[in-house]
Amino acid sequence: MTRQETFDSAPSLAKVFVRAALAGKKSGSTLPGSELVLTGHTVDRQHLMDYQRLCGFGVDDVLPHTYPHILGFPLQAELMARKAFPLPLVGLVHVENAITVHRALTAEDVLDVAVHAENLRDHPKGRQVDLVTEVSVDGESVWSGRSTYLARGKGHPDAERGAVSPAIPTGVAAAQWSLPGDLGRQYAAVSGDVNPIHLHALTAKAMGFPKAIAHGMWTSARVLAALGRSVNGPSTSHVWFKKPVLLPGKVDFVVDRSGTPVVAGLRATRKPETEHLVLTLETKA
């Protein structure tokens with residue numbers, strides 16, 4: 001039976017990450033039966049504007065396609081940092097993300113945000129789990145997201161890998177973006193995601209990365225912003241995160257609008273064979 005826990009403000013991600021870093025080893029084969037709910041959230045327009053500008057969205061009252069994710073992420077992290085959660089928060093890799101926007105949302109909407117975990121499963125490279133976020137307004141479901149995380153370790157060679165991404169579009173890039181070395185700190189200031197792999201080369205190296213890496217959800221948001229304003233209305237996206245984007249760095253935005261869904265991606269400018277993400281998008285009239 002699901003136990004619902006209600007919050008009137010989002011958990012502090014800084015405190016959650018510190019608690020997770022100090023936690024011992026985790027194990028287990030069951031997920032906590034808790035649903036964490038942030039009730040009556042009102043959008044801070046300054047925060048919304050900062051997010052829109054950083055991710056490349058137009059600045060207005062309409063919430064970007066990915067914006068509710070950062071409202072639910074503190075609840076995700078809080079749930080994953082708890083002792084009852086069988087996988088360690090520190091070291092989890094965000095490998096996929098799917099979002100459905102049921103209707104356009106604005107800064108006038110008062111949001112209830114609910115998060116739970118499901119589908120703990122084996123993977124050839126470890127174990128995976130889904131964190132599901134549902135956003136409602138006056139009891140109406142308006143936005144839903146599914147974040148898939150991988151805990152690397154001893155996996156099962158016969159386990160399913162999950163849905164296979166389409167091929168990244170080829171040809172000339174539609175745009176090229178130069179990403180500054182402090183992009184991770186900029187996004188952390190807006191999203192609250194202070195995972196040390198994003199903040200500085202020194203803290204990233206301590207966790208096995210040669211440099212700080214861009215947040216996957218920033219790269220996803222930046223690609224969606226480049227696809228146009230229609231992404232903020234009724235639509236569905238699915239992103240597969242491939243190789244991390246090292247900071248500073250240059251990336252190519254590539255897109256194929258010839259079919260349905262639209263397929264877009266990011267690849268390294270200097271090494272085009274290095275794919276950072278592939279994303280599909282379907283919009284609804």
Side-chain angles (χ1 to χ4, degrees), residues 10-18 20-21 41 43-59 63-78 80 89-97 99 113 131 133 145 147 149 175-207 209-227 231-232 237 239-253 264-266 268-269 276-277 279:
S12 164
L13 278 169
K15 292 180 180 178
V16 169
F17 277 112
V18 168
H41 179 79
V43 174
D44 181 318
R45 280 182 166 80
Q46 181 63 53
H47 180 263
L48 173 62
M49 182 173 66
D50 291 343
Y51 179 86
Q52 290 167 325
R53 286 177 171 169
L54 183 61
C55 297
F57 292 101
V59 176
L63 305 192
H65 187 99
T66 46
Y67 185 76
H69 173 84
I70 67 169
L71 304 181
F73 183 69
L75 298 176
Q76 289 189 17
E78 168 65 26
M80 292 187 286
L89 172 59
V90 177
L92 282 181
V93 180
H94 195 177
V95 291
E96 286 184 50
N97 207 83
I99 290 172
V113 184
L131 273 291
T133 303
S147 302
Y149 298 97
Q176 185 181 97
W177 301 323
S178 294
L179 311 183
D182 67 344
L183 177 59
R185 294 190 290 278
Q186 291 185 54
Y187 187 76
V190 171
S191 68
D193 185 352
V194 292
N195 188 324
I197 62 176
H198 304 299
L199 303 183
H200 196 278
L202 292 176
T203 53
K205 285 179 180 178
M207 302 188 73
F209 295 93
K211 296 180 180 179
I213 66 174
H215 291 76
M217 288 306 294
W218 179 88
T219 61
S220 174
R222 186 66 188 88
V223 167
L224 284 161
L227 293 177
V231 305
N232 300 332
S237 68
V239 61
W240 291 262
F241 298 110
K242 305 285 189 174
K243 297 289 185 180
V245 177
L246 301 179
L247 299 173
K250 288 186 177 181
V251 294
D252 289 346
F253 166 62
L266 284 184
T269 298
H276 296 303
L277 69 79
L279 179 148

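Residue indices begin at 1 and follow the sequence shown. As the structure is a computational prediction, the values presented were derived from the model and not from experiment.
From Ser12, atom OG reaches atom CD of Glu78 across 10.0 Å, with rounding to the nearest 0.5 Å. Here the CG atom belonging to Leu183 is positioned 6.0 Å from the CG atom belonging to Leu54, to the nearest 0.5 angstrom. For the atom pair CG of Leu89 and CD of Gln76, the computed distance is 10.0 Å after rounding to the nearest 0.5 Å. Considering CE of Met80 and CG of Leu131, their distance stands at 4.5 Å, rounded to 0.5 Å. Glu96 contributes atom CD, which lies 6.5 Å from atom CH2 of Trp240 (distance to the nearest 0.5 angstrom). Remark: His65 NE2 to Ser220 OG distance equals 7.0 Å, nearest 0.5 Å.
The shortest distance between side-chain heavy atoms of Thr133 and Pro68 does not fall below 4.5 Å. Considering only heavy atoms from C-beta on, Ser237 comes within 4.5 Å of Leu224 through its side chain. Between Pro180 and Leu247, the closest side-chain pair of non-hydrogen atoms is not below 4.5 Å. Between His276 and Lys242, every side-chain heavy-atom pair lies at or beyond the 4.5 Å cut-off. For the pair Leu227/Leu279, a side-chain contact is recorded, criterion being any heavy-atom separation below 4.5 Å from C-beta on. A 4.5 Å side-chain heavy-atom check between Met217 and Phe73 finds every atom pair outside the cut-off. A 4.5 Å side-chain heavy-atom check between Tyr149 and Val93 finds every atom pair outside the cut-off.
With sequence neighbours excluded, the residues satisfying ring-ring contact (aromatic ring centres under 6.0 Å, His included) with His215 are Tyr187, His198. Considering only residues two or more places apart in sequence or on other chains, Asp182 meets the side chain to side chain donor-acceptor pair (under 3.5 Å) condition with Gln186. For Arg45, the salt bridge (Lys or Arg N to Asp or Glu O under 4.0 Å) test picks out Asp61, Glu108, with sequence neighbours left out. The side chain to side chain donor-acceptor pair (under 3.5 Å) check on Thr203 picks up nothing, with sequence neighbours excluded. Partners of His200 under the ring-ring contact (aromatic ring centres under 6.0 Å, His included) rule, at least two apart in sequence or in another chain, do not exist in this structure.
In terms of heavy-atom proximity, Pro64 sits nearest to Leu48 at CD-CD1, 3.6 Å. The nearest pair of heavy atoms linking Phe253 to Ala264 is CE1-CB, 3.9 Å. Heavy atoms only, all atoms of each residue included: Gly216 and Thr219 are closest at O-OG1, 2.6 Å. Here the closest heavy-atom approach between residue Ala268 and residue Asp252 is recorded as O-OD2, 4.4 Å. Between Pro11 and Val16, the shortest heavy-atom contact is CB-CG2, 4.3 Å. The two residues Leu75 and Val113 have their closest heavy-atom pair at CD1-O, 3.5 Å.
Among Thr269, Leu179, Val245, the one residue that satisfies the side-chain contact (heavy atoms from CB on, under 4.5 Å) test with Lys250 is Thr269.
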Carefully, step by step, assess Arg222 and Val251 under the rule side chain to side chain contact (heavy atoms under 4.5 Å, CB included).
-> CA-CA 11 Å; Arg222 186 66 188 88; Val251 294; over 6 Å; no

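Residue pairs satisfying the side chain to side chain donor-acceptor pair (under 3.5 Å) criterion with at least one member in residues 46-55, sequence neighbours excluded, are listed as follows: Gln46-Asp50, His47-Tyr67, Tyr51-Thr66.
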